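Shown next, in structure tokens, is the structure this report addresses.
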Amino acid sequence: MLFYWGYRLPQTDIRPEFFDTVAVWCFRAVAVMVGILVFIALVADLNDPAHNFLILPALAAVAGTGAGRHDARAKTRTYTLKQRNQELQETQAELEETVDQLQESEQRYRTLAENFPNGAVALLDDELRYTIVGGQGFEPLDFGAEDLQGEQIQDVYSGEILEMIESNYRETLAGEPTSFELTVQGRVFEFRTHPLTDDDGDVYAILAMTQDITERKQYEEKLEQLVADLEESNKRLEQFAYAASHDLQEPLRMVSSYLQLIERRYGEKLDEEGKELFEYALDGAERMRSMIDGLLQYSRIETMGSEFRPVDLDSVFDDVCEDLQVTIEESGAEITADRLPRVKGDENQLRQLVQNLLSNAIKYSGEEPPRVHVSAERNGEEWVVSVADHGIGIDPEDQEQIFEVFEGLHADGEYAGTGIGLAVCERIVERHGGEIWVESEPGEGSTFSFTLPAVADSVI
Ligand code: ADP
């Protein structure tokens, strides 16, 4: 039996470290039984010692093993219990740590939300209930983030505000981000919403952000007002320049025609000095006429311009060359051009632009016969057209000023001019949304370049 139990022991639920408990109980029982038998043998004289010493210790061994198994099982149970307890404690410690971490992370997110500057940030569930909300944009309002926390939007807003918020939030729940503006208690807020989706792509929450844009709005309104005022004042100035130059034409015409009358009637009677003085007066009247013409032209660019259409710069160039034929022949100018593109613009004004630049290039050519070349280069959505000459060039410090009205550099020298041609060019280019500039080396020549919007399919 002992052998059988010994063989079965590993298959029981007793842990191996408690196997010796079973053996100890077995040996103890045998020892006690042998002790009792020795005692009986000494005191009461055993009648069959051989049988007794064989059978009773054997029985005691079986009984001891039984008790030992019981004890070992009890110890195993205690051991298992202790171990479970320890595991439980460890699990509890882990749980506590996780809770701490969660609280910390929740605190961090809360801090993030609460410190959201000049606005608010919120998460809403699919029943449009605020699950988290915070931000400093509540300061000017009479309710705060804590009044929204846990509430559905219907519980906190009403009327138009609710309508606006609800329709946009519902759209977000359907998967569409939205943005809208809303005035709440006199403050203008810009709302932006974003749907939050799970792994299956279903929207489970809304991320909503708002920014207080009251000051920005006021600033924008002021700016718009300022632009409107400026446009108005610009228009008035243009009208003024137009009216003034227009009205000046009449008295000037009078001066010119009376001067001509005087010349016709009394020209013979004037001596040399008188004739010279008279010439000055005629010259002055003539200069004034061209200045007034220039001013009129300048002030009409915005108001009298026609609609933009595709314009073939090649034919504009040919027309201008034809108009300037006399000047070209007289000066012996050689004027060449690359193939020029089609651009979008006001044909008359573009002709004026090319004419002013070409006649300047001829006029400021210096001693040599003028050599002028017109080229064009595509730059993204626009064309850069350049008029290059080999003339007298322009001092770097004068290069800005030549585009101003009446800022001719040689008004009373060998090159007579009103100083308005390039100002007209700049105005025309600006009206077409472009830029004009000059690159020049005194004595070497000048290249005037301007940009014009390209026609969608234009290639050279
Ligand atoms: P104007 O020719 O009537 O004086 P513009 O406005 O056309 O007036 O030109 C302003 C000034 O720019 C001119 O006086 C001249 O000094 C200078 N300028 C213009 N075009 C050229 C050029 N191609 N080469 C050298 N100087 C030029």
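We count ligands from 1, going down the list as the structure has it; atoms in each ligand are counted the same way. As the structure is a prediction and not an experimental result, all values here were calculated from the model.
Close N/O approach between L422 and ligand 1 is found [any backbone or side-chain N/O within under 3.5 Å].
Residues in residues 343-358 take part in these salt bridge (charged side-chain N to carboxylate O under 4.0 Å, His left out) pairs, two or more places apart or across chains: D319-R351, D346-R431, E347-R351.
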Audit row: Q185, D142, side-chain hydrogen bond (donor to acceptor under 3.5 Å, both in side chains) steps and yes/no: CA-CA 8 Å; Q185 297 177 353; D142 67 3; 2.8 Å; yes

Distance-only criterion, 3.5 Å: show the donor-acceptor pairs between side-chain atoms of residues 211-220 and protein atoms not counting sequence neighbours.
| unit_1 | atom_1 | unit_2 | atom_2 | d |
| --- | --- | --- | --- | --- |
| Q211 | NE2 | P117 | O | 3.2 |
| D212 | OD1 | T214 | N | 3.1 |
| D212 | OD1 | T214 | OG1 | 2.5 |
| D212 | OD2 | R187 | NE | 3.0 |
| D212 | OD2 | R187 | NH2 | 3.2 |
| T214 | OG1 | R187 | NE | 3.3 |
| T214 | OG1 | V188 | N | 3.0 |
| E215 | OE1 | R187 | NH2 | 3.2 |
| E215 | OE2 | R187 | NH2 | 3.2 |
| K217 | NZ | E181 | OE1 | 3.1 |

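Comparing heavy-atom distances from atom 3 (O) of ligand 1 across G419, G445, G421, S440 singles out G419 as nearest. Comparing T447, V438, I394 by heavy-atom distance to atom 26 (N) of ligand 1, the nearest is I394. Ranked by closest heavy atom to atom 23 (N) of ligand 1, the top entry among V424, D398, D389, V405 is D389.
Both the sub-6.0 Å distance and the 45° axial angle are not jointly satisfied by R300 relative to the ring of Y242.
Each of the atoms 23 (N) of ligand 1 lies under 4.0 Å from some heavy atom of A361. Listed by number with element, the atoms of ligand 1 under 4.0 Å from a non-hydrogen atom of I420 are 6 (O), 8 (O).
Taking 4.0 Å as the cut-off between side-chain N and carboxylate O, R289 and D293 count as a salt-bridged pair. With respect to the salt-bridge test (charged N to carboxylate O, under 4.0 angstrom), the residues R84 and E87 do not qualify.
Contacts of F448 with ligand 1, taken as heavy-atom pairs under 4.0 Å, involve the side chain alone.
Residue G391 places every heavy atom at 4.0 Å or more from ligand 1.
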